[in-house]
Amino acid sequence: MASRRAPDPAPAPPLLAGLPFAGRARQRLAAAVTALFTDPHGPPPAPVIRRDDGLFGAQSAAWRVHGDVTTMMVGGIAALMLQMLHPGALAGVWDHSAFRTDMAGRLRRTARFIALTTYGGPDEAQAAIDRVARIHRAVSGVTADGTPYRADDPHLLGWVHVTECWSFLAAWTRYGDPLMPAADRDRYFAEMARLGALMGVIDPPASQVAALALIDRFRPELRRDARTAEVAAHLLGGGSGGADGGGAGAAAHALTIRAALDLLPPWAQAMHGLTPSGPLTPLVRAGTRELQRTLRWALG
């Protein structure tokens, strides 16, 4: 089946189009978004050049799904909220990461990994996979109830993989391409299954139905405790708001958080003790679409 072309970049938002400061506003927004993915204490990362000889290629569903900054931020936060409900995944974060002081760094590293494995050449993708595998081999311990865990356990990797794929696709089909055909959604999971297998996942889901079935099979293993609440609080309260040095960045961050929580399945919202947005849901979704349009304009 031929790939459907992704939506064209949005024109300037009506409130900015034609104004004398529109160019400066565009530069400011672009710099703020770039700052989200740049370590403020290190040199800027080398740009990822899109290459058609990587894992997926230019006609892939993965290139489309991973190509929108807003949906990837929303999906990435939703994925972390799901992942931390598994005691093994939570313990790895609790024991082996600086989530209290560098949650934004974790988000940046995840974004970099997705960019390299989606758009980079084969050597870049393999190097990124090897780096994560080395890190996983060093991460082990016991959960809060004393159960041993290893970050390179194929079962645990399967949970991280399926929640990440589900979240990115859910954000894309809500805000990027709601009419994405079922066959293309399945193709996305089939493409990402190749990446999952390279990461050590055994029999990663290759369709939307298989992904949902796998998530259902994991649900009896999921828990929420005081550790979950603390990690979630750092993710939702820290993050990268205000990266542009003003209120616009904080407002965009808050909206992204709201959209991510709204994206979660109802059972996951309930486990996190979240109250559905209710009457605010249309406002959250409309605001996220406007944020998406604005960032597309800012980033060209």
Side-chain angles (χ1 to χ4, degrees), residues 1-6 47-69 71-76 78-80 82-83 86 88-89 92 107 109-137 139 150-173 176-177 180-218:
M1 178 177 179
S3 174
R4 295 168 70 239
R5 187 166 65 87
V48 179
I49 307 300
R50 295 190 176 207
R51 291 177 52 178
D52 202 20
D53 61 345
L55 289 180
F56 306 119
Q59 299 305 310
S60 66
W63 270 43
R64 280 188 289 142
V65 173
H66 296 169
D68 183 86
V69 170
T71 61
M72 290 300 286
M73 290 193 298
V74 171
L80 291 176
L82 286 171
Q83 289 164 8
H86 193 287
L107 293 171
R109 290 186 290 272
T110 299
R112 181 73 177 176
F113 175 81
I114 294 296
L116 287 169
T117 53
T118 302
Y119 302 110
D123 293 342
E124 293 173 296
Q126 190 60 56
I129 292 168
D130 291 344
R131 178 181 180 277
V132 171
R134 286 194 301 272
I135 294 172
H136 283 170
R137 285 195 293 270
V139 173
R150 299 188 340 268
D152 62 354
D153 174 13
H155 181 70
L156 189 55
L157 289 172
W159 172 245
V160 173
H161 173 79
V162 71
T163 49
E164 199 167 80
C165 294
W166 181 88
S167 299
F168 288 149
L169 183 64
W172 172 250
T173 53
D177 187 3
M180 187 179 191
D184 281 3
R185 300 181 193 210
D186 286 344
R187 189 155 62 92
Y188 173 73
F189 281 107
E191 292 167 358
M192 293 300 288
R194 300 204 300 270
L195 175 59
L198 291 172
M199 295 295 299
V201 179
I202 296 175
D203 194 23
S207 70
Q208 189 167 223
V209 169
L212 292 173
L214 181 57
I215 290 173
D216 280 343
R217 290 200 296 274
F218 268 103

For Ala58, is there any backbone N or O sitting under 3.5 Å from a side-chain donor or acceptor partner on Asp52? yes

When you measure from the side chain of Arg137 to the backbone of Asp152, do you find a donor-acceptor pair of N or O atoms at a distance under 3.5 Å? no

Do Leu195 and Ile129 touch side chain to side chain, with heavy atoms closer than 4.5 Å? yes

So, does Thr163 use its side chain to make a donor-acceptor pair with the main chain of Val160 at under 3.5 Å? yes

How far apart are the closest heavy atoms of Gly196 and Pro204, and which atoms are they? C-CG, 4.4 Å

side-chain contact (heavy atoms from CB on, under 4.5 Å) between Thr110 and Glu164, worked out: CA-CA 10 Å; Thr110 299; Glu164 199 167 80; 3.9 Å; yes

Quick one: does Trp63's side chain have a donor or acceptor within less than 3.5 Å of a partner on Thr118's backbone? yes

What is the distance from atom CG of Asp184 to atom CG of Asp177, rounded to the nearest 0.5 Å? 8.0 Å

Distance check, rounded to the nearest 0.5 Å: Gln126 atom CD versus Arg131 atom CZ? 14.5 Å

Output yes when a side-chain donor or acceptor of Tyr188 lies under 3.5 Å from a complementary backbone atom of Arg64, and no otherwise. no

So Arg51 and Pro122, do their side chains get closer than 4.5 Å, heavy atoms only? yes

Heavy-atom nearest pair, Val65 first then Thr71, reads O-OG1, 4.1 Å

Indicate the atoms forming the closest heavy-atom contact of Ser167 with Ala78, along with that distance. OG-C, 3.8 Å

So which atom in Arg50 and which in Gly67 form the shortest heavy-atom distance, rounded to 0.1 Å? NH2-CA, 4.1 Å

Check whether Arg194 reaches the backbone of Leu55 with its side chain - one donor and one acceptor, N or O, closer than 3.5 Å. yes

Rounded distance [0.5 Å steps], NE2 in His155 versus NE2 in His86: 4.5 Å

Taking Glu191 for the side chain and Phe56 for the main chain, is one N or O donor matched with an acceptor at less than 3.5 Å? no

Just verifying a value: how many Å separate Phe113 CZ and Met199 CE, rounded to the nearest 0.5 Å? 4.0 Å

Drop me the distance from Phe189's CZ to Leu214's CG, to the nearest 0.5 angstrom. 10.0 Å

Atom of Pro154, atom of Gly200 and distance for their closest heavy-atom approach: CB-O, 3.4 Å

What heavy-atom pair brings Val48 and Ala115 nearest, and what distance separates the two atoms? CG1-O, 3.7 Å

Under a 4.5 Å cut-off applied to non-hydrogen side-chain atoms, are Val162 and Trp159 in contact? yes

Decide side-chain contact (heavy atoms from CB on, under 4.5 Å) for Met180 and Arg187; before the verdict, give the C-alpha distance in whole Å, the side-chain angles of both, and the deciding distance to 0.1 Å. CA-CA 11 Å; Met180 187 179 191; Arg187 189 155 62 92; over 6 Å; no

In this structure, CD1 of Ile202 is separated from NE2 of His161 (nearest 0.5 Å) by 13.0 Å

Qualifying side chain to side chain donor-acceptor pair (under 3.5 Å) pairs, either residue in residues 198-215, two or more places apart: none

